[in-house]
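The figures that follow rest on heavy atoms only: side chains count, while hydrogens, waters and symmetry mates do not.
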Amino acid sequence: MCGIIGIASNKKDKSLTDVLVSSLSRLEYRGYDSVGVASLDDEGIDVRKAKGKVVEVVKTKKINEMSGYIFLGHTRWATHGAPNDQNAHPHVDCSGRIAVVHNGTLNNYKELREELESLGHKFRSDTDTEVIPHLVEEFMKRDMESFEAFKAAVSSLRGSYAILMIMEGEKRIFFARLDNPLVIGLGEDKNFIASEYAPFLPLTNTVVTIQDGEIGFITPSSVYIEKDGKIVDVNERVHKLNFTLASASKGGYSHFMLKEIHDSPLAVKETLSTMMADDSVDKAVKVMSQANRIFVVAAGTSYHAGLIFGRELNMSGFTVIPMIASEYPSYRTRAGDVILALSQSGETLDVKMAIKEFKNEGSTIISITNVIESTISRESDVKLYMRAGPELGVAATKTFVSQVASLLLLKSKILGEKLDYLSHAHEVLEASLEGTEGQMKKWSSTLISAPSMYYLSKGVGLPMALEGALKIKEVAYVHAESYPAGESKHGPIALVSEGFPVVFLDPGIDELKVNIEEMKSRGARIFYVGTSKGISKDEVEVRLEKGLEPFALAPPIQLLAYYVSVGKGLDPDRPRNLAKTVTVE
């Protein structure tokens, strides 16, 4: 996920750079690896960009001194190419007359780049984005008018994108959107276009929404949009916002955690799309397929994702050993073993120490992280990336389901399974979000006062139950335990008394009903998530698809934790005693 902003003004105005810089600051949470700006006036395009935070790059590149009547700005969160000066946006064509900023991922950029290089185009970065200005340049060489060339270039792309482009001699900003947000702000003598409302909200609350698959351009005084060759009536889209600046920076949600839970379907779609196009995945699959044993090294939420991976492969005869990273001294590896290290940040100290030790013992290290060129990635023999976008809430939500998606892709490739089922993962998430949110709000009113509770399940539901208990502990400070449902009678059921809350997550296992009855008979209050009817007065149905059960169960456990936290007046984005990146033992 990156942040993009475009400003089209009728006149050269020095105050535009102040607007631009403040807009970049509001977009920095979407990408904090690098920053870049392009300005356009009668003398041409000026591009200034560098690795670093907004305040640093503005100072070192003297962005406050830029002038022009058209501006593009970008805050980057690296997906293709390391976070450095060269890969920062905007990117330009061979002549420097066309500049582009982009949010999203292009799955066919390698093929496009090879073709463009064979035609003589010179690339300066490792990004997927740079193919766009070169494509437009190439189509214009073939006598296409600028907007036709832009449309031809966009039609060549496969993947997801929100694109802004400027061109010498054109007082307009071209745009295209697919699976990544873009909104237009209508001002006086100037118009804006950005990833979200927050960058231009202090200047205008009159907006035009852009929908998936649409393409067009803004000028300082007009907006043109078309879809599938048909002109869109812009006037029908104009409306007034009643957002505050603070709420707009969270996409209209009350907290980043809730926004990121709702971002999960897109995050999973992006993760699967980019990993399927990543040659390193096949390399990792080959290494793990030939491994003596696979140790999954992770902590917290990542450990629960690793349990799903381990279960699936162990059932097929592989030897997979998920381990909590801090317990690494209790294990010894040997030649032929493979370590699969999982870390959202790529900086988790427990995981770093474990892989260092196991590397010394001769094991091959494969990692999955969400941050390009993190420490764990750099120390790995094969590095894989989720590309779920930045996650601002401390509690992992969208990165958890993206981790699960990454691991299911690896599992299916190792087992030689067809991958078609994974294309439904984001739909299962969407259906679960839509179908369970209202019920989770309702359940939260009961669980606000609960001092303690259980999350129980079986099979593939067990890691989800463990994650549910962890999530409600993290953000709502409710004491919650989780264990295999069949284990109850061996001790834990002794704690159950009248009204004791027990959340059952049913991934479609009939035997779970026996455990539900055991709890009911001791007076437990049952909260049931599954597909059976009549289990409890507190039950919610989810859409279960074979192999995708975790995506149906993740939204309710995350939403329940969120709504209990909010109901208790807590801040779910910044839970006490917790940090997003754990860099201490």
_Suppose we screen for ring-ring contact (aromatic ring centres under 6.0 Å, His included). Which residues come up paired with Phe256, at least two apart in sequence or across chains?_
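Testing Phe256 for ring-ring contact (aromatic ring centres under 6.0 Å, His included), a comparison that skips the adjacent residues, returns Tyr29.
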*Using the test ring-ring contact (aromatic ring centres under 6.0 Å, His included), find all partners of His89 that sit at least two apart in sequence or belong to another chain.*
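His74, His91.
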Answer yes if the side chains of [X] and [Y] hold a donor-acceptor pair under 3.5 Å, and no otherwise.
X      : Y      : answer
Lys471 : Thr301 : yes
Ser25  : Ser22  : no
Thr399 : Glu391 : yes

Check: [X] side chain, [Y] main-chain N or O, donor-acceptor pair, under 3.5 Å:
X      : Y      : value
Thr436 : Ser432 : yes
Lys190 : Asn10  : no
Ser445 : Lys442 : yes
Arg124 : Asp93  : yes
Glu260 : Gly393 : yes
Arg48  : Lys62  : yes
Asn191 : Thr219 : yes
Glu170 : Ser146 : no
Glu168 : Ile98  : no
Asn205 : Lys240 : no

_ring pair (Phe, Tyr, Trp, His ring centres under 6.0 Å) partners of residues 204-240, not counting sequence neighbours, each pair once_ =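 Of all non-adjacent pairs touching residues 204-240, those that pass ring pair (Phe, Tyr, Trp, His ring centres under 6.0 Å) are Phe147-Phe217, Phe147-Tyr224, Phe217-Tyr224.
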*List for me each residue that meets salt bridge (charged side-chain N to carboxylate O under 4.0 Å, His left out) alongside Asp573, sequence neighbours excluded, and say none if there are none.*
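Result, salt bridge (charged side-chain N to carboxylate O under 4.0 Å, His left out) vs Asp573: none returned.
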*Please identify each residue that fulfils salt bridge (charged side-chain N to carboxylate O under 4.0 Å, His left out) with Asp212, with sequence neighbours left out.*
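By the salt bridge (charged side-chain N to carboxylate O under 4.0 Å, His left out) rule, Asp212 matches Arg177.
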Using every non-hydrogen atom in the two residues, find where [X] and [Y] come nearest and quote the distance to one decimal.
X      : Y      : result
Ser423 : Glu427 : O-OE2, 4.3 Å
Pro555 : Leu433 : CB-CD2, 3.9 Å
Phe551 : Val401 : CE2-O, 3.5 Å
Leu182 : Ala176 : CD1-O, 3.5 Å
Leu548 : His424 : CD1-CB, 3.8 Å
Leu40  : Ile45  : CD1-CG1, 3.7 Å

Going by side-chain contact (heavy atoms from CB on, under 4.5 Å), name the residues that satisfy it together with [X], two or more places apart in sequence or in a different chain.
X      : answer
Val208 : Ile184, Leu186, Ile225, Val234, Arg237, Val238
Ser406 : Thr271, Met275, Ile368, Met386
Ala267 : Ala388, Lys398, Ser402
Lys141 : His121, Glu137, Glu138

*Give the C-alpha distance, both sets of side-chain angles, the deciding distance and a yes or no for side chain to side chain contact (heavy atoms under 4.5 Å, CB included) between Val131 and Phe123.*
CA-CA 8 Å; Val131 299; Phe123 282 73; 3.9 Å; yes
Got a list of side-chain donor-acceptor pairs under 3.5 Å for residues 64-71, not counting sequence neighbours?
residue, atom, partner, partner atom, Å
Tyr69, OH, Asp42, N, 3.4
Tyr69, OH, Asp42, OD1, 2.7

_For the CZ atom of Phe192 and the CG atom of Leu203, what is their distance to the nearest 0.5 Å?_
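Phe192 CZ to Leu203 CG: 4.5 Å, rounded to 0.5 Å.
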*Candidate pair Arg543 and Glu545, rule salt bridge (Lys or Arg N to Asp or Glu O under 4.0 Å), full reasoning*: CA-CA 7 Å; Arg543 168 180 159 182; Glu545 286 194 24; 2.4 Å; yes
*asked:* For Val100 and Leu164: C-alpha separation, side-chain torsions, deciding distance, then whether side chain to side chain contact (heavy atoms under 4.5 Å, CB included) applies.
replied: CA-CA 6 Å; Val100 169; Leu164 301 185; over 6 Å; no
*Evaluate the ring planes of Tyr562 and His255, with Trp represented by its six-membered ring, and classify them as parallel (under 30°), tilted (30 to 60°) or perpendicular (over 60°).*
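Ring orientation, 0 to 90° scale: perpendicular.
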*Does the side chain of Glu541 come within less than 4.5 Å of Val529's, by heavy atoms?*
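The answer is no; the side chains never approach within 4.5 Å.
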*Are any non-hydrogen side-chain atoms of Gln558 and Phe400 less than 4.5 angstrom apart?*
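Side chain of Gln558 against side chain of Phe400, heavy atoms only: contact under 4.5 Å found.
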*In chain order, what residues pass the side chain to side chain donor-acceptor pair (under 3.5 Å) check against Glu437, with sequence neighbours excluded?*
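Glu437 satisfies side chain to side chain donor-acceptor pair (under 3.5 Å) with His262, Tyr563 only.
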Can you give the donor-acceptor pairs under 3.5 Å from side chains of residues 104-117 to other protein atoms, not counting sequence neighbours?
residue, atom, partner, partner atom, Å
Thr105, OG1, Glu270, OE1, 2.9
Asn107, OD1, Ser273, OG, 3.0
Asn107, ND2, Ser273, OG, 2.7
Asn108, OD1, Arg158, N, 3.0
Asn108, ND2, Ser156, O, 2.8
Lys110, NZ, Asp279, OD2, 3.4
Arg113, NE, Glu117, OE2, 3.2
Arg113, NH1, Ser125, O, 2.8
Arg113, NH2, Ser125, O, 3.3

